[in-house]
Amino acid sequence: MDDFSAVAQLVGSLNDAQKDAVTAPPEHRLVLAGAGSGKTRVLVHRIAWLISVENVSPLSILAVTFTNKAANEMRGRIEQLLTMPVRQLWVGTFHGIAHRMLRLHWKEAKLRQDFAILDADDQQRLVKRLIKQLDLPEDQWPHKMVTNWINSQKEEGRRPDHFDDLGDFTQRALVRVYAAYQQSCESQGLVDFAELLLRAYELCRDSADIQAHYRRKFRHILVDEFQDTNTLQYLWLKLLVGNAGVLFAVGDDDQSVYGWRGAKVENMLRLERDFRGCEVVRLEQNYRSTGTILKAANGLIERNNGRLGKNLWTDGADGAPIQLYAAFNEYDEAEFVVNRIRDYLNGPHRHSDMAILYRSNAQSRVLEEMLIRARLPYRIYGGLRFFERMEVKDALAWLRLMRNRDDDVSFERALSTPSHGVGATSLEKLRVAARESASSLWTTARRDAAMLGRTAGALNKFLDKVDAIAAQVQDLALGKLIDVVVANSGLREHYQKEKGEQAEGRLENLDEIVSAARGFERPANEQEEGIDPLSAFLAHAALEAGEGQAAAGEDSVQLMTLHAAKGLEFPIVFIVGLENGVFPSMRAVEEGNLEEERRLCYVGITRARQQLYLSYAEIRRIHGVEQIGMPSQFLKEIPPECVMETRPRAGMLRPPSFGGAREEARFGGGYGSSGGYGNRYGGGSSPSGYSAPRRSAALATPAYGGFKLGQRVTHDKFGEGTILSFEGEGERAQVEIRFRSAGVKRLVLGMAKLQAL
DNA sequence: CTAGTCGGTGTTTTT
DNA sequence: CACCGACTAG
């Protein structure tokens, strides 16, 4: 292919701004890419451009992302564009790249060759044990918090010895735990996620040779989702780019929603200062959403301060207005969503065209319940992933022990599952002895088993078992190896004995590890770099924990948190739970962290291609307590002309009108609620300009026979159902109920003989 | 050492 | 409400 057609092909389909970014001369660039503006496209085309037009060798390109998914997608699209595999190209996650460097230079990084990766869960266990060991009261030093603290120190590049002795008591204690933790990791050959990055950074910083090597090698470094980089990642990039490298960063400050775990949006601003000649390219044309949706998103995000500034536009149609539904409670809300989904399924839409987004995972339960009831297939993102499941982690611990007996974390796990007759007391004795002799549990056990008296026999049996399996397994291929370990460790038997519904799944998962291992193709570079298959597989398990929830190819409605939705898009999007205290979350409101929440809302809105639904519930059960919610302040920040309040039962639309007018609309039409809470609405408008759903004294009490909207009831003939609405008054009052099996029925309240559930 | 109960707690999550 | 961890009884 000659240059000319290559150029034409690469650039032909891009808009001007995209073209600018893709064909930029070899200088630093910050691409401010709004949602749906073709960010990945630009990144991929830029790499293809460098290779095919600028004749840059794929060897000199490093492309970094945050998730494996993004990395895989990027590699795939580059290869598609160039119509050839580009194996020499380094594409990966920050952690993946750091890991690769550490494997290559384990000696220089002062690691042992067989170091293993400690996942978040194992890390917490270890920290917890150390807190106990240091005699810190566990209730004052929650291991979760301490672990977070340690990780954030690492993310700022701080080691235990970087702390002056000046700190207060609290800090001194934290540093002590940090130091003990670090030492423990070192002696066990364990590296946690943050450590991967910090080690790789220190490696590049402190070894002149390695630094020179990578600076010479990577002439072009490209970074995706730059707004999510933390301090350490930024420093590492800066170090690698050096004086001669070229940085191409793509990101969107308005989509920075990971500040709470160390991401620094400020890195985008620093970029212009720290990287000389860094120009900014803005991608503002959106190819995803309707004009209305973009207008809503723009209007909302404008309220944030200190933005780099950007305004999304489209030359597509305005599309339908956003629909807002004010639900009575979370069940009513879920029912609304389910009904809309049903409507769409009658049209040209598939289940997977629709996504339900919420702020916190707990909100999924009611939605699931309603989806099940409606027999709609759905899929929840998030939750435990394959390699994080208990039985899978048990097996991994056994595998790790095969390679490294000094891995205490795995030792403890293997010793206790399946149980070997060595209990907490003996284990504790072992720990103490190990600490005193500064050796691993394994070594201590081999040496001092006798001190345990009666338990010594059981312990020795375990130790011999481990050695025997290791010997037996030595020359086996990965799949067979794992199969034998799972069988001979007694794990399979252990889970066979387990009863209950989950047991079957656990056994399946154990088998699944074996097939995962059989299908595990070692990445080409690792074969070259001489990593044994088991190590490669274990690293893979830690770095890429697998899909959350069943992948189940079935066409299904998508449920996920707003965070998990970042980077995705759907024709139809529901954002539920738009109440102050839910979204924005309570914590955010208290701490005044509203800007990040607003960005999260912006992310949610911009996921929608054609239709967006927003909803909130007036009453919601939170932690088992019914709470009265106020509409989210974000709702009033969205330009009102983009939104219609929808009353599905009456099939009419009206503009949203919070406060007084709304009261008319809502409660004048015959809705009401027997409440015990009517009088609590008493006051005037809230400071935000909303008023909670006030109702006049007259309307506050007309109990419809003591029934509430959304309430679950039973009927003699129709069975169980949910109250959807009331109409009329007194004797002739009618009630609309959705019955589980009989569908929606309209009944005269006085005649129906309903029973509350 | 397991099973069962009590009490405390309760965003967002990738690697 | 629902989960998890700690503690107690067998």
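What you see is a predicted model, and the numbers here were worked out from it, not measured in a lab. In the text below, chain A, chain B and the rest are named by the order of the sequence lines, each starting its count at 1.
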What's the gap between B:dT12 and C:dG5 when it is taken at their P atoms, as a whole Å value?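 Per the computed distance, 16 Å lies between those P atoms.
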
Taking only nitrogen or oxygen atoms into account, show me every contact under 3.5 Å that the protein makes with nucleotides 8-10 of chain C, one pair per line with its distance.
none

Could you pull out all residues at least two apart from A:A355 that satisfy side chain to side chain contact (heavy atoms under 4.5 Å, CB included)?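 For A:A355, the residues satisfying side chain to side chain contact (heavy atoms under 4.5 Å, CB included) (neighbours in sequence not counted) are A:L357, A:Q558, A:F570.
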
So, using side chain to side chain contact (heavy atoms under 4.5 Å, CB included) as the criterion, who are the partners of A:Q153 when residues are at least two apart?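 A:Q153: side chain to side chain contact (heavy atoms under 4.5 Å, CB included) contacts with A:W149, A:R158, A:F163, A:Y178.
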
For the pair made of [atom1] in [X] and [atom2] in [N], what is the distance, rounded to whole Å?
X: A:Q124; N: B:dT15; atom1: CD; atom2: P; answer: 17 Å
X: A:F66; N: B:dT15; atom1: CZ; atom2: P; answer: 11 Å
X: A:K69; N: B:dT15; atom1: NZ; atom2: P; answer: 10 Å
X: A:R599; N: B:dT12; atom1: CZ; atom2: C1'; answer: 13 Å
X: A:K566; N: B:dT14; atom1: NZ; atom2: C1'; answer: 10 Å
X: A:K128; N: C:dC4; atom1: NZ; atom2: P; answer: 13 Å
X: A:R385; N: B:dT13; atom1: CZ; atom2: P; answer: 11 Å
X: A:H143; N: C:dC4; atom1: NE2; atom2: P; answer: 12 Å

Using a cutoff of under 3.5 Å, can you pull out all pairs of nitrogen or oxygen atoms linking the protein to nucleotides 4-11 of chain B, with atom names and distances?
{"residue": "B:dG10", "atom": "N3", "partner": "A:H623", "partner atom": "ND1", "Å": "3.0"}

Determine whether the aromatic ring centres of A:F115 and A:W106 lie less than 6.0 Å apart.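 For A:F115 and A:W106, the ring centres are not under 6.0 Å apart.
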
Qualifying residues under side-chain hydrogen bond (donor to acceptor under 3.5 Å, both in side chains), relative to A:E368, sequence neighbours excluded: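 Per chain and number, A:E368 pairs via side-chain hydrogen bond (donor to acceptor under 3.5 Å, both in side chains) with A:Y378.
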
Going by the rule side-chain hydrogen bond (donor to acceptor under 3.5 Å, both in side chains), which residues pair with A:E591 if we only count those two or more places apart in sequence or in a different chain?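 Here the qualifying residues are A:N593.
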
Which comes earlier along DNA chain B counting from the 5' end, the contact point of A:S419 or that of A:F193, where each point is its nearest nucleotide?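 So the residue in question is A:S419.
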
A:A424 or A:T561, whichever maps to the more 5' nucleotide of DNA chain B: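 Checking each residue's closest nucleotide, the 5'-ward one belongs to A:A424.
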
For A:E156, all residues meeting salt bridge (Lys or Arg N to Asp or Glu O under 4.0 Å), sequence neighbours excluded: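 Expected list: A:K264.
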
Would you classify [X] as touching base, sugar-phosphate or nothing, given that sugar-phosphate means primed atoms plus P, OP1 and OP2, and contacts are heavy atoms under 4.0 Å?
X: A:A194; value: nothing
X: A:V422; value: sugar-phosphate
X: A:K144; value: nothing
X: A:D192; value: nothing

Do the side-chain N or O atoms of A:R365 get closer than 4.0 angstrom to the phosphate oxygens (OP1, OP2) of C:dA2?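 Answer yes for this pair, as a side-chain N or O of A:R365 is under 4.0 Å from OP1 or OP2.
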
Give a yes/no answer on whether the side chain of A:N68 brings an N or O atom under 4.0 Å of OP1 or OP2 in B:dT15.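 Answer yes for this pair, as a side-chain N or O of A:N68 is under 4.0 Å from OP1 or OP2.
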
Do the side chains of A:R125 and A:R129 get nearer than 4.5 Å, heavy atoms only?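 Not in contact.
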
Would you indicate whether the side-chain heavy atoms of A:L237 and A:Y201 approach each other to under 4.5 Å?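 Result no, sub-4.5 Å side-chain heavy-atom pair not found.
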
Tell me every residue that passes ring pair (Phe, Tyr, Trp, His ring centres under 6.0 Å) with A:F193, counting only those two or more places apart in sequence or in another chain.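 In terms of ring pair (Phe, Tyr, Trp, His ring centres under 6.0 Å), with neighbours along the sequence ignored, A:F193 is linked to A:H95.
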
According to ring pair (Phe, Tyr, Trp, His ring centres under 6.0 Å), who are the partners of A:Y358, at least two apart in sequence or on a separate chain?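 None.
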
